[in-house]
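Scroll down for the structure; my scribbles are underneath it.
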Amino acid sequence: MKRAFEGKAMIDDKLFRAWSNYGKNRIYICREDGKKTYGYLDLDSACELVCDRDLVYTLKPYVEKFKENYDF
């Protein structure tokens, strides 16, 4: 059963955090140091993963697990 996403969620060691501003809605995948992000899910574009090309396959399992566990 999916849980409601309330703005923050941990998937293994990755923090997913909601952000909305300037007419954009995103869920950022934050780094452990809290200063930068790995990329984000663009909620305005069918939840597309936006990140550096070399991170796509690393982040994909975390994103799939996030989508399986949370309604957003």
Side-chain angles (χ1 to χ4, degrees):
M1 181 173 203
K2 289 187 175 187
R3 294 177 269 173
F5 179 61
E6 297 180 7
K8 277 187 184 179
M10 287 294 292
I11 300 295
D12 297 330
D13 62 342
K14 304 290 185 261
L15 174 65
F16 286 73
R17 183 177 298 191
W19 178 86
S20 293
N21 212 343
Y22 308 110
K24 299 179 186 321
N25 299 300
R26 298 175 177 170
I27 298 175
Y28 279 92
I29 305 166
C30 301
R31 288 180 27 177
E32 293 80 15
D33 62 11
K35 295 182 180 179
K36 295 187 178 184
T37 65
Y38 290 113
Y40 61 90
L41 299 174
D42 190 347
L43 300 180
D44 300 321
S45 295
C47 205
E48 176 185 350
L49 174 62
V50 178
C51 65
D52 290 339
R53 222 187 258 176
D54 59 334
L55 290 175
V56 171
Y57 296 106
T58 302
L59 293 178
K60 204 165 197 166
Y62 295 102
V63 169
E64 293 303 320
K65 194 170 182 181
F66 176 77
K67 288 179 180 180
E68 288 172 9
N69 290 305
Y70 290 95
D71 259 338
F72 49 95

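Quick note: residue numbers are just sequence positions, from 1. The model shown is predicted, which means the values in this text are computed figures rather than measured ones.
Nearest heavy atoms, Cys51 versus Gly39: CB-CA, 4.0 Å. Tyr62 approaches Phe16 most closely through the heavy-atom pair O-CZ, 3.8 Å. Minimum heavy-atom separation, Tyr70 to Ala4: CD2-O, 4.0 Å.
Take Thr58 and apply the side-chain hydrogen bond (donor to acceptor under 3.5 Å, both in side chains) test, not counting sequence neighbours, and it matches no residue. Checked against salt bridge (charged side-chain N to carboxylate O under 4.0 Å, His left out), Lys65 has the following partners two or more places apart in sequence or in another chain: Asp12. Checked against side-chain contact (heavy atoms from CB on, under 4.5 Å), Asp42 has the following partners two or more places apart in sequence or in another chain: Tyr40, Asp44, Ser45, Val50. In terms of the salt bridge (charged side-chain N to carboxylate O under 4.0 Å, His left out) criterion, Arg17 has no residue partners (sequence neighbours excluded). Partners of Asp52 according to the side-chain contact (heavy atoms from CB on, under 4.5 Å) rule, which considers only residues two or more places apart in sequence or in another chain, are Asp54, Leu55.
Rounding to the nearest 0.5 Å places CG of Asp71 at 11.0 Å from CZ of Arg3. The CG atom of Leu49 lies 8.0 Å from the NZ atom of Lys67; values are rounded to the nearest 0.5 Å.
Cluster annotation: Phe5 and Leu41 are assigned to the same hydrophobic cluster (Ile/Leu/Val/Met/Phe/Trp/Tyr, side-chain heavy-atom contacts under 4.5 Å, transitive). Residues Leu15 and Phe66 do not share a hydrophobic cluster, clusters being chains of Ile/Leu/Val/Met/Phe/Trp/Tyr side chains in contact below 4.5 Å.
Surrounding NZ of Lys2 are more than 12 heavy atoms belonging to other residues, nucleotides or ligands, all under 6.0 Å away.
Cluster partners of Met1: none. The rule joins Ile, Leu, Val, Met, Phe, Trp and Tyr whenever side-chain heavy atoms lie under 4.5 Å apart, and it links nothing here.
Residues Val63 and Ile29 are in side-chain contact: their nearest non-hydrogen atoms beyond the backbone lie under 4.5 Å apart.
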